[in-house]
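Report on the structure given below.
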Amino acid sequence: MRSPKLDAYTFTPVIGACSALCDKLRGKQVHALFIKICSSDTQTIVNTALIDMYFKCNCLSSSVKVFDEMQLKDTVTWNTMISRLIQNGKARYAISVFERMRDEEKIAECFSVFTLCSVIKACALLKALRQGKQVHAVVIVMGRDLLVLSTVLIDLYASCALMEESMKVFFSLNCRKDDAVYNALLSGCVQNRKYEESFSILSEIKPNVIALTNGLMVCSMFTDLFRGKQIHGVAIRFGFKSDTQLCNVLLDMYAKCGKVVTARLLFNQIAHKTVVSWTSMMDAYGSHGYGVEAHDLFKLMEESGISPNSVTFLAVLSACGHSGLVELGRDCFLSMRKKYGIDPGPEHYACYIDLLGRAGLIEEVWDLFDDMEKNGHMPTAAVLASLLNACKLNLDIERGEFAAKRLIELEPDKACNFVSLSNFYAATERWDQVVALRNLMKKKSLRKETGGSWIAIE
DNA sequence: GTAGGGTTAG
């Protein structure tokens, strides 16, 4: 019996199955078979599916290889590449692929709504306003699928802190508006801390999980427990209380409003806890001074089989630092690389330097600083500020000046740095320097932003 | 048969 002919209709769904299962091994086998027997007329579609499969299997280099070696790319090929790159955090790369598409394809029709959608999203992520506006112009010329494209445009302008432009896009829509477009506007208001506007949108729409999530984020920002509780009630009435993401934000809202016990009760009730659930709860403990509880939770998380990420370590390190748990903090810091293969970033070093500095371990602080530079991290302002603070606490005058000099070089126009430096001089009783600094600040007309705390009234 | 919008922890 003659074996049936394998064509694109056979390969594509099989590759799709490998994608869905993240089964790279089988995916590669199918890829090999395809190379052996492929016919040129089916290459584009199958290769596009392969690009997608390799992305889903976390094998970016294979995706790029298939893409670069493809003779004939169609619009879907380009779109797949662009959208998957964005999903993998490579927005800049995605834009460069879009530019290649524009240059190589030579016809304006090659762009579809999908292409524009992805590119606007990339611009929003990069806050590339100029490029985003250019694509907006193309959208206006095309004049199709305005609802979806308007949704990403609203997000673009909101990401660039231009809420007036977001509103313009929103109110110029004369088709029926759906949840997503309302949510985009709401999310823009939340990102830009527009308290009243957020609630006014929220009150106009039928509750959905994403809108309520956004609403709770505003409550966290402004520590508005009263409205937070109202949203909690709405979430229960509409049957959203098993939504993990919503519960994570709810937990965070209670914690930010000082209700740590309520936050913990909610945490316990989350059936499918994610790394964000755990990290939010650790942060809740840490920021209220419950370092031991935060660390216990970290251990419990390890037992539960969910892997911590870099934010988790930031939460637990800061919790240990604020409670003086030096040994536990050190264990965590060391386990980052050793046990989880996560390279500490500058923000982790800043946090850990702070912890060691408060504990009086100034030599270890400087060892750590050297270690950081050996690992190829340039010190950030946060690192230098922690370092300066550690020197202040430990009266390490000479090396403190070194940290101060580099901090001021890096951010010469930030008032808070001058204040830190002034505090450093004050701690080491060099009052002439303090006066000189205050005068310098006046000359540079730098003013430290007034501190404050938020409480909701009524 | 392959591609698209709005959500969480620092």
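Chain letters run A, B, ... following the sequence lines, proteins first and then strands; every chain starts at 1.
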> Would you say B:dG10 has OP1 or OP2 under 4.0 Å from some side-chain N or O of A:Lys256?
Replying inline: yes

> Roughly, in whole Å, what's the span from CG in A:Leu246 to P in B:dA9?
Replying inline: 13 Å

> With sequence neighbours left out, which residue pairs that include part of residues 150-163 of chain A fulfil the side chain to side chain donor-acceptor pair (under 3.5 Å) condition?
Replying inline: A:His136-A:Tyr157

>> Quick check for you: among B:dT2, B:dT8, B:dG1, whose closest atom lies nearest to any side-chain atom of A:Thr48?
In response: B:dT2

> Who are the side chain to side chain donor-acceptor pair (under 3.5 Å) partners of A:Thr279, not counting sequence neighbours?
Replying inline: A:Thr312

>> Enumerate the ring pair (Phe, Tyr, Trp, His ring centres under 6.0 Å) contacts for residues 308-340 of chain A, please, sequence neighbours excluded, ordered by first and then second residue.
In response: A:Phe298-A:Phe313, A:Phe313-A:Tyr340, A:Phe333-A:Tyr349, A:Phe333-A:Tyr352

> In whole angstrom, what separates A:Asp74's CG from B:dT2's C1'?
Replying inline: 8 Å

>> Nearest to the A:Thr279 side chain among B:dG1, B:dG5, B:dA9, which nucleotide is it?
In response: B:dA9

>> Side chain of A:Ala49, heavy atoms from C-beta onward: which of B:dT2, B:dG5, B:dG1 has the nearest atom to it?
In response: B:dT2

> CG/A:Leu216 to NZ/A:Lys256 distance, rounded to the nearest 0.5 angstrom?
Replying inline: 12.0 Å

> Would you call A:Lys177 and A:Glu204 a salt bridge, using N to O less than 4.0 angstrom?
Replying inline: no

>> Show, in sequence, the C-alpha distance, side-chain angles and deciding distance for A:Arg264 and A:Tyr285, and conclude whether the side chain to side chain donor-acceptor pair (under 3.5 Å) test is met.
In response: CA-CA 9 Å; A:Arg264 180 59 197 250; A:Tyr285 280 137; 3.1 Å; yes

>> So if I take every side-chain heavy atom of A:Ser112 and compare against B:dA3, B:dG5, B:dA9, which nucleotide ends up nearest?
In response: B:dA3

>> Expressed as a whole number of angstroms, how long is the span from A:Ile201:CD1 to B:dG6:P?
In response: 16 Å

> Rounded to the Å, how far apart are A:Asn248 CG and B:dT8 C1'?
Replying inline: 6 Å

>> Using a heavy-atom cut-off of 4.0 Å across all strands, would you classify A:Asn47 as base, sugar-phosphate, or nothing?
In response: nothing

> Checking only heavy atoms, does the side chain of A:Asp52 share a donor-acceptor pair with the base of B:dA3 at less than 3.5 Å?
Replying inline: no

> Whole-Å distance between B:dA9 P and A:Met281 CE?
Replying inline: 16 Å

> Is A:Ala315 touching bases, backbone alone, or none of the nucleic acid, heavy atoms closer than 4.0 Å?
Replying inline: nothing

>> Restricting to side-chain contact (heavy atoms from CB on, under 4.5 Å), what partner residues turn up for A:Thr12, sequence neighbours left out?
In response: A:Ala8, A:Ile45, A:Val46, A:Ala49

> Side chain of A:Ala180: nearest nucleotide among B:dG5, B:dT7, B:dG1?
Replying inline: B:dG5

> When we call it a touch if two heavy atoms are under 4.0 Å apart, what does A:Val152 touch: a base, just sugar-phosphate, or nothing?
Replying inline: sugar-phosphate

> Can you list every side chain to side chain donor-acceptor pair (under 3.5 Å) pair that touches residues 207-220 of chain A, not counting sequence neighbours?
Replying inline: A:Asn183-A:Asn208

>> Rounding to an integer number of Å, can you tell me how far A:Asp243 CG sits from B:dG6 P?
In response: 16 Å

>> Please give me every residue in residues 77-89 of chain A whose heavy atoms get under 4.0 Å of an atom in DNA chain B, ordered by residue number.
In response: A:Asn79, A:Thr80, A:Ser83, A:Arg84, A:Gln87

>> Output the rounded distance in Å from CD1 (A:Ile154) to C1' (B:dG6).
In response: 9 Å

>> For a quick check of understanding: with a heavy-atom distance under 4.0 Å over all strands, which category does A:Ile15 fall into, base, sugar-phosphate or nothing?
In response: nothing

>> With a cut-off of less than 4.0 Å, is there a side-chain N or O of A:Lys121 near OP1 or OP2 of B:dG5?
In response: yes

> Considering only side-chain heavy atoms of A:Leu314, which listed nucleotide, B:dA9, B:dG10, B:dT8, is closest?
Replying inline: B:dG10

> Can you tell me how far CG of A:Leu297 sits from CG of A:Leu300, rounded to the nearest 0.5 angstrom?
Replying inline: 6.0 Å

>> Looking at the base of B:dG6, is there any donor atom on it, or on the side chain of A:Asn214, that sits under 3.5 Å from an acceptor on the other one?
In response: no

>> Tell me the interatomic distance from A:Ile210, atom CD1, to B:dG6, atom P, rounded to whole angstroms.
In response: 8 Å

>> Nearest to the side chain of A:Val249, heavy atoms from C-beta on, is which of B:dT8, B:dG1, B:dG10?
In response: B:dT8

> Looking at A:Ser118, does any N or O in its side chain come under 4.0 Å of the phosphate oxygens OP1/OP2 on B:dG4?
Replying inline: no

